[in-house]
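One structure is given below, encoded as structure tokens.
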Amino acid sequence: MGYDFQTIEAKWRAYWAKNQAFKADNQSDLPKYYVLDMFPYPSGDGLHVGHPLGYIASDIFSRYKRHKGFNVLHPQGYDSFGLPAEQYAIQTGQHPQITTETNINRYREQLDRMGFSFDWSREVRTSQPDYYKWTQWIFLQLFNAYYDTKENKALPITQLIHLFENDGTSKVEAVRDSDASDFSADEWAQFSDEQKQHILLQYRLTYLSDTEVNWCPALGTVLANDEIINGVSERGGHAVTKKKMKQWSMRIGAYAERLLQGLETIDWPEPLKEMQRNWIGKSVGASVRFQIQNHPEQIEVFTTRPDTLFGVTFMTLAPELDLVRQITTAEQKQEVEEYIDKASKRSERERMADVKSISGVFTGAFAIHPLTQELIPIWIGDYVLAGYGTGAVMAVPCGDQRDYDFAKHFELPIKNIFEGADIREAAFTEKSETVALQHSDFLNGLTYATAMKKVIAHIEAKGCGKGTINYRLRDAIFSRQRYWGEPIPIYYKNGLPQALSLKHLPLELPEVEQYLPTPDGAPPLGNATNWAWDEKKEKVVSNALIDHKSVFPLELNTMPGWAGSSWYFYRYMDAKNKENFVSKEAANYWREVDLYLGGSEHATGHLLYSRFWQKFLFDKGLLPVEEYAKKLINQGMILGTSAFIYRKTGTQTYLSKGLIEGETVEPIRVHISLVNSADELDLEELKKWQPQFESATFELENGKCFVHREVEKMSKSKYNVVNPDEICDTYGADTLRMYEMFLGPIEQAKPWNTAGISGVHNFLKKYWRLFYNEDTWIVNENQAGKKELKVLHETIKKVSTDIENFSFNTCVSSLMICVNELTNLECHSKEILTPLTLLLAPFAPHIAEEIWEKLGNTSSLISVPFPLVNEAHLVEDTKNYPVSFNGKMRYTIPLSLSLDNQAIQEAVLADKRTAEYLGGKTPKKWIIVPNKIINIVI
RNA sequence: GCCUCGGUGGCGGAACUGGUAGACGCGCUGGAUUCAAAAUCCAGUUCUUUCGGGAGUGUGGGUUCGAUUCCCACCCGAGGUACCA
């Protein structure tokens with residue numbers, strides 16, 4: 001009997017399912033261990049080979065932990081709201097619910113096939129009402145909370161109202177909108193209900209604000225930055241403009257400091273923490289206010305270098321600031337308008353990437369320097385971004401390189417305030433303690449640190465500024481003009497948002513005819529006819545009934561993708577709970593995720609947002625810990641090979657790869673299944689694939705259209721996914737599992753190729769032959785010899801430490817070496833093979849179970865203890881000469897010997913080969929690395 | 001541009017804390033077995049060479065008795081860059 005993986009795998013899959021072998025209990029005497037994967041988005045292409053990489057690793061670890069005697073929680077679910085299902089719906093009219101369900105079923109089949117030890121009784125789907133009920137509930141918790149900076153935590157909004165009633169804003173220390181103003185208790189009492197609501201909105205942790213979106217009029221939809229190439233839409237190449245919209249935001253900024261501090265308490269990869277730190281971008285400095293000449297407004301700037309305040313020779317504003325139009329003089333108006341228009345067509349990313357071209361326009365207005373009263377010209381320039389700080393900078397060309405370049409380019413004055421610094425070629429950007437300030441009034445002669453202190457004290461005393469900490473982190477926009485997302489549980493009364501309450505949830509997604517925005521630009525939910533809130537009946541009713549007395553319009557935006565994924569790990573603990581998002585008992589038992597596995601591409605998205613929600617829910621006393629994942633491992637991405645054709649800019653003409661010389665083109669991805677191995681594109685299939693290609697024209701090479709290939713992240717949206725099914729058919733799931741681990745270190749990104757898969761499959765066949773010779777079971781009861789025991793225990797040691805260190809690729813190598821050696825030793829002793837099977841179990845569970853049963857065990861091996869190393873079997877043979885000569889001047893000493901340097905020198909000198917090498921000379925120098933190596937230098 | 005990671009044979013990769021670079025697997029070459037093939041097993045396989053040796057871990061410098069490993073500058077690839085998930 002050969003290694004019949006199909007039969008074996010089917011058998012054990014059925015066995016595990018029937019026995020619910022991986023169901024975790026919320027009560028146990030065993031220590032708990034929670035292993036979490038980032039749940040997949042169920043795309044239409046099915047699971048691709050990149051998904052399992054992390055899932056296999058976490059499964060190996062879960063299985064290992066079970067063998068080590070832990071109560072392991074290893075759940076799985078689906079992040080099932082998202083853009084692709086919606087786009088598919090727009091194209092085909094198919095309800096995303098149906099698409100999603102089909103995709104999930106396919107995913108489940110594929111996941112089951114790979115032998116993952118998931119506890120499916122705890123499955124969650126973010127798009128299911130009984131799940132998003134709680135996502136909506138968390139939204140309401142945020143809506144009903146504000147951030148108190150004195151207590152440094154979120155508090156109920158009712159408490160804030162209380163403070164307002166007693167003392168107005170005088171005793172309030174809270175995070176709020178920058179345009180919020182102060183009032184007294186009397187004033188508060190006299191405000192109308194609407195005014196009060198409006199004020200509270202400036203404090204709530206989720207609030208409404210005006211923000212910009214990418215609007216594509218031709219497609220009639222909002223686009224993600226991802227869907228835009230070279231400023232036009234990826235689909236169809238239409239123009240994209242910026243459009244202002246009232247949107248929900250989340251005050252993540254309130255948690256900036258705690259998100260930063262919390263990183264110190266968790267075992268996450270240092271590079272990932274660094275990315276989050278940089279994303280939060282804390283900088284210490286000062287904000288300074290400049291009065292605009294002949295104008296009531298002031299410009300507030302944030303600077304990390306207030307010590308250079310006397311070096312300011314101009315100011316630069318982001319072109320999109322409203323203020324720009326207000327202050328621009330009549331003479332400059334046209335030039336400024338043109339510049340604003342030009343800048344609005346460039347994405348923020350383009351603007352940041354482009355440091356070479358310097359552009360800007362003078363507004364004609366002047367600011368007054370708060371200390372010298374000098375007039376300072378106000379410019380606009382697109383190197384200043386509206387989103388960072390206040391969108392305005394005080395330019396100090398002698399101390400900042402970008403200001404310097406700007407000044408040189410437009411021949412603006414540069415005032416050197418650094419004594420002895422050479423600024424003929426470049427700015428002096430050092431925070432120097434040796435170079436003193438000059439031409440800086442009361443700061444003259446001071447260096448960085450002291451000047452900073454003194455100038456901040458001075459501007460604070462003068463009331464024109466103060467020392468501040470600024471964070472690069474921006475509040476998170478929470479509205480999406482999409483259909484396939486969680487409805488926001490809000491309705492509008494007199495234009496002000498009103499929250500639903502828990503008993504009204506879930507607020508279920510309404511049916512719509514069209515998944516696109518309405519013709520007048522409202523989000524897709526604007527197409528719903530049953531989307532109004534009857535305050536009296538407390539239910540959703542027809543839009544026709546809206547009377548603005550008791551029936552009101554509901555919110556039309558939905559939540560972003562990250563909403564549902566920001567708390568799902570707690571739902572797994574208690575997935576069926578109808579009363580609570582998670583019960584106290586379940587949360588207190590599992591507490592937190594012990595090991596979280598997922599890609600680093602989520603570093604500043606999901607992994608930051610979920611930490612924010614966690615801290616908020618912790619503040620509310622709803623969760624036991626402030627950080628939800630103790631340890632995190634980033635599995636590297638599996639990269640795919642994408643295919644591109646080129647679209648002539650501004651046309652519907654597509655070019656074959658070889659014809660792009662001298663043309664302005666955008667590369668457009670096409671699905672890799674439409675391309676053959678010679679990189680030739682099937683145009684007929686392409687036209688069927690997406691409507692934009694139906695009427696397009698193609699320029700071909702010898703009648704063929706060739707694609708350009710590029711290696712990048714494997715992703716549905718890049719149309720480059722490879723499916724694991726075929727490999728499971730040909731080689732089996734165990735081979736796929738081991739192969740993906742064998743490919744290389746788990747954290748490293750790697751392009752997918754199947755070239756080496758037969759090696760791993762051969763290993764499993766060879767492993768099988770340790771137990772079977774043709775049809776004969778050849779395991780014997782013989783005692784194992786010294787050599788065999790050494791091989792086994794070396795492998796146990798290596799495999800255990802490697803699993804603990806998540807070094808699964810070297811683990812597989814060790815198992816291969818072990819099996820080779822046992823084959824050479826012709827060892828079939830049960831004493832060796834029984835523990836060896838346990839070493840294999842986490843990696844190739846199906847074959848391990850099968851052999852385990854054949855070895856005469858009556859119960860499944862899932863809960864069998866992992867073998868322990870017996871050091872006694874590892875001892876080296878010490879009869880050899882203590883040092884061995886390798887032909888040059890190097891000697892090595894066996895690891896097991898511990899000699900002091902003196903003894904080593906004596907032993908080496910006693911060796912006759914040494915005498916030969918030295919040829920009568922005396923060693924000049926000894927280099928001795930204990931237990932490793934000796935060099936003799938003559 | 002900025003932040004993060006990576007670059008070692010024909011290929012995926014190994015090398016623990018600075019100590020014999022290339023473990024393990026693929027591929028390739030030769031052999032055994034076979035009527036033959038598949039499968040399996042054995043040997044070889046960084047490059048170069050006048051067979052003494054010489055060169056070699058993206059490039060160029062540096063530190064060190066010794067560098068894939070540490071430092072500096074650069075080149076190339078990947079991820080993220082705030083509405084893909």
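Below, read A as the first sequence line, B as the second, and so on, with proteins coming before strands; counting in each chain starts at 1.
The same atom, P, is picked in B:U69 and in B:U57; the two are 9 Å apart, to the nearest Å. Taking atom P in both B:C28 and B:C47, one finds a spacing of 16 Å when rounded to whole Å. Nucleotides B:C71 and B:C5 are separated by 12 Å at their P atoms, to the nearest Å. Comparing the C1' positions of B:C41 and B:U50 gives a spacing of 38 Å, expressed to the nearest Å. Nucleotides B:G19 and B:G7 are separated by 24 Å at their C1' atoms, to the nearest Å. Here the separation of B:G56 from B:G9, taken at their C1' atoms, is 10 Å to the nearest Å. Separating the C1' atom of B:G13 from that of B:U48 is a span of 24 Å, rounded to the nearest Å. Rounded to a whole angstrom, the distance from the P atom of B:A15 to that of B:A23 is 12 Å.
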Its contact letters, B for base, S for sugar-phosphate only and - for none at protein heavy atoms under 4.0 Å, make nucleotides 72-85 of chain B read ------SBSBBBBB
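Between A:His761 and A:Tyr739, the gap from one ring centroid to the other reaches at least 6.0 Å. With ring centers used as reference points, A:Trp567 lies under 6.0 Å from A:Tyr131. In this structure, A:Trp268 has its ring center no closer than 6.0 Å to that of A:Tyr596. Ring centroids of A:Tyr78 and A:Tyr41 are separated by 6.0 Å or more, keeping the two rings apart.
As judged by a 4.0 angstrom heavy-atom cut-off over every strand, A:Asn634 is placed among residues making no nucleic acid contact. Counting any heavy atom pair closer than 4.0 Å across all strands shown, A:Ala603 reaches no nucleic acid atom.
Across every strand in view, B:A39 sits unpaired, with no contact that passes the Watson-Crick or G-U test at under 3.5 angstrom. Under the Watson-Crick or G-U wobble criterion, with both distances below 3.5 Å, B:C28 is paired with B:G44. With a cut-off of 3.5 Å on both Watson-Crick or G-U wobble distances, the partner of B:U63 is given as none. Using N1 to N3 plus N6-O4 or O6-N4 for Watson-Crick, or N1-O2 and O6-N3 for G-U wobble, each under 3.5 Å, B:U57 pairs with nothing.
Along RNA chain B, the nucleotide nearest to A:Lys750 and the one nearest to A:Asn278 differ in position, and the one closer to the 5' end is contacted by A:Asn278. The residue among A:Ser813 and A:Pro751 whose nearest nucleotide of RNA chain B is located toward the 5' end is A:Pro751.
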With the criterion being N/O to N/O and under 3.5 Å, what pairs connect the protein with nucleotides 41-43 of chain B, and how long is each?
from: B:C41; atom 1: OP1; to: A:Arg769; atom 2: NH2; distance (Å): 3.4

Anything under 3.5 Å between a protein N or O and an N or O of nucleotides 29-34 of chain B, put it in a table, one pair a line.
none

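At the phosphate of B:C11, neither OP1 nor OP2 sits under 4.0 Å from any side-chain N or O atom of A:Asn753.
Residues A:Leu608 and A:Leu259 share a closest heavy-atom pair of O-CD2, 4.3 Å.
The interatomic distance linking A:Asn762 (CG) with B:A38 (P) rounds to 14 Å, in whole Å.
A 6.0 Å sphere centred on OH of A:Tyr88 holds no more than 12 heavy atoms belonging to other residues, nucleotides or ligands. Within a 6.0 Å sphere centred on NZ of A:Lys273, heavy atoms belonging to other residues, nucleotides or ligands number more than 12.
Taking a cutoff of 4.0 Å between a charged side-chain nitrogen and a carboxylate oxygen, A:Arg480 and A:Glu86 do not qualify as a salt bridge. A:Glu320 has no carboxylate O lying under 4.0 Å from a charged side-chain N of A:Lys244, or vice versa, which leaves the two without a salt bridge. Ion pairing of A:Arg277 with A:Glu274 is present here, as a side-chain N (NZ or NE/NH1/NH2) and a carboxylate O approach within less than 4.0 Å.
The side-chain heavy atoms of A:Tyr207 and A:Arg251, taken from C-beta on, include a pair separated by under 4.5 Å.
Taking 90° from 0 as the syn/anti boundary, the base of B:G10 is oriented anti. Taking syn as a glycosidic angle within 90° of 0, B:G52 qualifies as syn.
Ring orientation note: the planes of A:Trp248 and A:Phe139 are nearly perpendicular, at an angle over 60° on the 30°/60° scale. Classification of the A:Tyr383-A:Phe406 ring pair by plane angle, with boundaries at 30° and 60°, yields tilted.
Checking B:C26, B:C24, B:G13 against the side-chain heavy atoms of A:Phe742 singles out B:C24 as nearest.
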